[in-house]
There are 2 protein chains.
Amino acid sequence: MANRPTLKTIADRVGVTVSAVSLALRDDPRISRATRERIQQAAEALGYVYNRHAAGLRRGDSGTVAVCLNDLSNPFFTEFLGHMEARFREADRMMLFCHAHETPSIQARFIRQMAEHGAAGLILVPVAGTTREDLDGPQVRHLRDFPLVLISRDVADTGFDRVINDDELGIRLLFDHLHDAGHRRFAWLGGGGDTSTARDRERSFRQRMEAAGLPVAAETIHHGPTSLAFGDAMLERLLALPTPPTAIVCFSDIIAFGVLAACYRHGLRPGVDLSVTGFDDMGAAAYSAPALTSVRVRTDVIGQRASELLLARMAGDRHPPVREVVPPELVVRASSGPPPASLVETPG
Amino acid sequence: MANRPTLKTIADRVGVTVSAVSLALRDDPRISRATRERIQQAAEALGYVYNRHAAGLRRGDSGTVAVCLNDLSNPFFTEFLGHMEARFREADRMMLFCHAHETPSIQARFIRQMAEHGAAGLILVPVAGTTREDLDGPQVRHLRDFPLVLISRDVADTGFDRVINDDELGIRLLFDHLHDAGHRRFAWLGGGGDTSTARDRERSFRQRMEAAGLPVAAETIHHGPTSLAFGDAMLERLLALPTPPTAIVCFSDIIAFGVLAACYRHGLRPGVDLSVTGFDDMGAAAYSAPALTSVRVRTDVIGQRASELLLARMAGDRHPPVREVVPPELVVRASSGPPPASLVETPG
DNA sequence: CGCATTGGTTCAATCGATTGAACTGTGTAA
DNA sequence: TTACACAGTTCAATCGATTGAACCAATGCG
């Protein structure tokens, strides 16, 4: 800030008023060509930097949007960030960024501060446990009619736009792939957090199990953090069961990678000795050892749609809140295959 | 922005002036307890949101810092982001974020725009090819005396603070570990970008080779992007050589993961049949298959130091520019070991 | 009683840019 | 010659908050 030149500085140097400078720098035809050029040269020479917030104060838009992610250590979410960043750059908007770290208080604070900073809109991957109250309650009155789009995770009854993955479809594709390959003994390594994603994926898994006439026993479902360590540790526990599963369905790629690491240590060949699947299909899934069967969540589509919706809202669009559900795709790779022949239950 | 309440709104409701409201909301003792409370309640009731930029206009600091990363898809850099975000949150500063995508024009644009948005400081991981000119030339006159800290990658002679990893030390630790284990046939899979990191690591590698009396042949050094695909593809080429290397030293973990993936497909056991090492030691390195020997770059230390330096500069510190070099640590895991017995050259 | 003090509040200028209205001087038409 | 249009520029209010100075009333002191 160290006393940078302002419109006044330029005006004094050229010998006109700030109004003339303001108009000239924005190429307003009201200022003559000659004067305009003198002004623009002076600005250049002085190293003038436009003050967007002073302008925004008058005009009513600071030109920023806010983005709040729950977890930066998960590349899945940074993929979103990348896609949105690109779209907002196109729209000439800067991004105010927050890493909420799955912590409600950090998220709450950001929701206040981004408003104080004049953000014109907010894209939010709500942290686990986010309630309707948090986005709609008396503490956040300023969010009323505020352009806000939720992505990836849903929060019911908030009246905001949402763009989310079709988790039900994803799990169905995955389960059917495994079931068709002959698997009957499944384990679910699930997101422990209180998120729509964790709930929806697990519910779908249970539904598919039921539909296939398979029992969902206590040792079928396991909850834990979305971390490599969790997947790694869980494989050990699953192997210790009297009848270990032949297919391990993981809530996310991250967990699956942990399982693959443990498999490697045990000399187990995923895709041959047992099947392991992820969910999200982040970039690394194609290069794990072995490559991971997963469900490709369209972070590009979701990120772009969310950006579009937000920009539309910021432009004054007043349509009723939408809930867009983006279909994912099954990506079969080496980590899944038929169960080992010795373990296939012969009918009768 | 949709006509939110302002100080005036509150003032009218309570029956005082905006000055009184301004003072009251900041708990100034000049306003009586009674009035202060009435004002604060009214603010609460109206859902008032502080306008930091209007205030900043008067006070001269908008409360934001800018952060520009070269590559978001590399978790190594998001680790930095996480550490800095935490520090800036503590300091009550919001982050204006940019993903430069290794693209100079995007970086240049951000350097201008963050200034327009009144950022009080900038942390930059310069994109490949960034020159002294880009940070010090006539196009960026506003960066003169601007609080700016470079991290991870250095740009010479710019007069800015820098916090970087000791790449020379890192490579030395890695090389000596492999050499001591008996390896004599090395390959280098290097960063193709024009960055100090790529240069310093490769130079160190060459120096150690020379010091060990080993020839650096054409098939020893290979350049390519920092991607899984590059590492994956390179293993194929290295295996096709008449005398393949026994140790593959990768510029970064990302490349090494690609190599591991290819090894898996070929049935090669890293750490047994050949050794593979990474650099950065990002979180996933402990959970690859097998776990990756790497050099732990202290993203936490670097991120924190950079934040501290920046905050100090923003507070008016005028010390001459510093260049802090943070020592990394060797982390030996399963992906490296002695060369296969059959390949160890017997002396004489 | 008169004057100074103090507590509580308002006044008014300010930060940097924007913009509708007003002004100035030139050229053209009546 | 007067009136009028018009191009080019300036005036002045405005956005929302801050702050040193001014103001006013009530109290304290001599």
Side-chain angles (χ1 to χ4, degrees), chain A residues 1-40 42-43 46-64 112-113 115-120 142, chain B residues 1-40 42-43 46-64 112-113 115-120 142:
Chain A
M1 308 306 280
N3 48 23
R4 281 209 282 246
T6 70
L7 291 190
K8 178 117 188 26
T9 321
I10 301 173
D12 290 349
R13 179 186 249 237
V14 177
V16 291
T17 62
V18 291
S19 322
V21 177
S22 173
L23 294 169
L25 289 182
R26 281 172 299 137
D27 277 324
D28 191 299
R30 280 181 287 180
I31 301 296
S32 71
R33 202 181 141 73
T35 316
R36 214 180 330 163
E37 278 173 2
R38 276 168 58 225
I39 290 175
Q40 283 166 351
L46 287 165
Y48 170 73
V49 175
Y50 184 63
N51 184 331
R52 236 171 244 268
H53 288 285
L57 181 56
R58 182 74 219 278
R59 283 192 156 164
D61 181 1
S62 74
T64 54
R112 162 150 296 268
Q113 296 201 342
E116 295 186 352
H117 281 270
H142 65 280
Chain B
M1 311 304 284
N3 49 21
R4 282 208 281 246
T6 70
L7 292 191
K8 178 118 191 22
T9 322
I10 302 174
D12 290 348
R13 181 187 249 235
V14 177
V16 291
T17 62
V18 290
S19 323
V21 178
S22 173
L23 294 168
L25 289 182
R26 280 172 301 139
D27 277 324
D28 191 299
R30 281 180 284 182
I31 300 296
S32 72
R33 205 180 141 74
T35 315
R36 215 182 326 167
E37 279 173 1
R38 276 169 56 226
I39 290 175
Q40 283 165 352
L46 287 165
Y48 169 74
V49 175
Y50 183 63
N51 184 331
R52 236 171 243 268
H53 289 285
L57 182 56
R58 183 74 219 279
R59 283 191 155 167
D61 181 3
S62 74
T64 52
R112 161 151 297 267
Q113 296 200 341
E116 295 185 352
H117 280 272
H142 64 281

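Here is the naming used below: chain letters follow the sequence lines, and residue numbers restart at 1 for every chain.
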**OP:** Walking along DNA chain D from 5' to 3', note the first and the last nucleotide with an atom under 4.0 Å from a heavy atom of chain A, and give both.
**Re:** D:dG8 to D:dG16
Original post:
Just checking A:Val21: base, sugar-phosphate only, or nothing, at a heavy-atom cut-off of under 4.0 Å?
Top reply: nothing
Subject >> salt_bridge(A:Arg59, A:Asp61) N-O dist < 4.0 Å >> reply: no
Original post:
For DNA chain C, whose closest nucleotide is more 5', that of B:Pro29 or that of B:Arg59?
Top reply: B:Pro29
Subject >> A:Asp12 and A:Lys8: CA distance, side-chain angles, deciding distance, side chain to side chain contact (heavy atoms under 4.5 Å, CB included) verdict >> reply: CA-CA 6 Å; A:Asp12 290 349; A:Lys8 178 117 188 26; 3.0 Å; yes
Subject >> Any B:Thr35 side-chain N or O less than 4.0 Å from OP1/OP2 of C:dT9 >> reply: yes
Subject >> Contact nearer the 5' end of DNA chain C, comparing B:Leu23 with B:Leu57 >> reply: B:Leu23
**OP:** Report which part of the nucleic acid B:Ser19 touches: base, sugar-phosphate, or nothing (heavy-atom distance under 4.0 Å, all strands).
**Re:** base
**OP:** Answer with base, sugar-phosphate or nothing: what part of the nucleic acid does B:Ser22 contact at a heavy-atom distance below 4.0 Å?
**Re:** base
Original post:
With a 4.0 Å cut-off on heavy atoms, is A:Arg30 in touch with a base, just the backbone sugar-phosphate, or nothing at all?
Top reply: base
Original post:
Angle class for the B:His117/A:His53 ring planes (parallel below 30°, perpendicular above 60°, tilted otherwise)?
Top reply: perpendicular
Original post:
Do A:Arg52 and B:Gln113 come within less than 4.5 Å of each other through their side chains, counting heavy atoms only?
Top reply: yes
Subject >> Nearest atoms (heavy-atom pairs only) where A:Ile39 meets A:Ala24 >> reply: CD1-CB, 3.6 Å
**OP:** Indicate whether any N or O donor in one side chain lies under 3.5 Å from an N or O acceptor in the other, for B:Ser22 and B:Arg26.
**Re:** yes
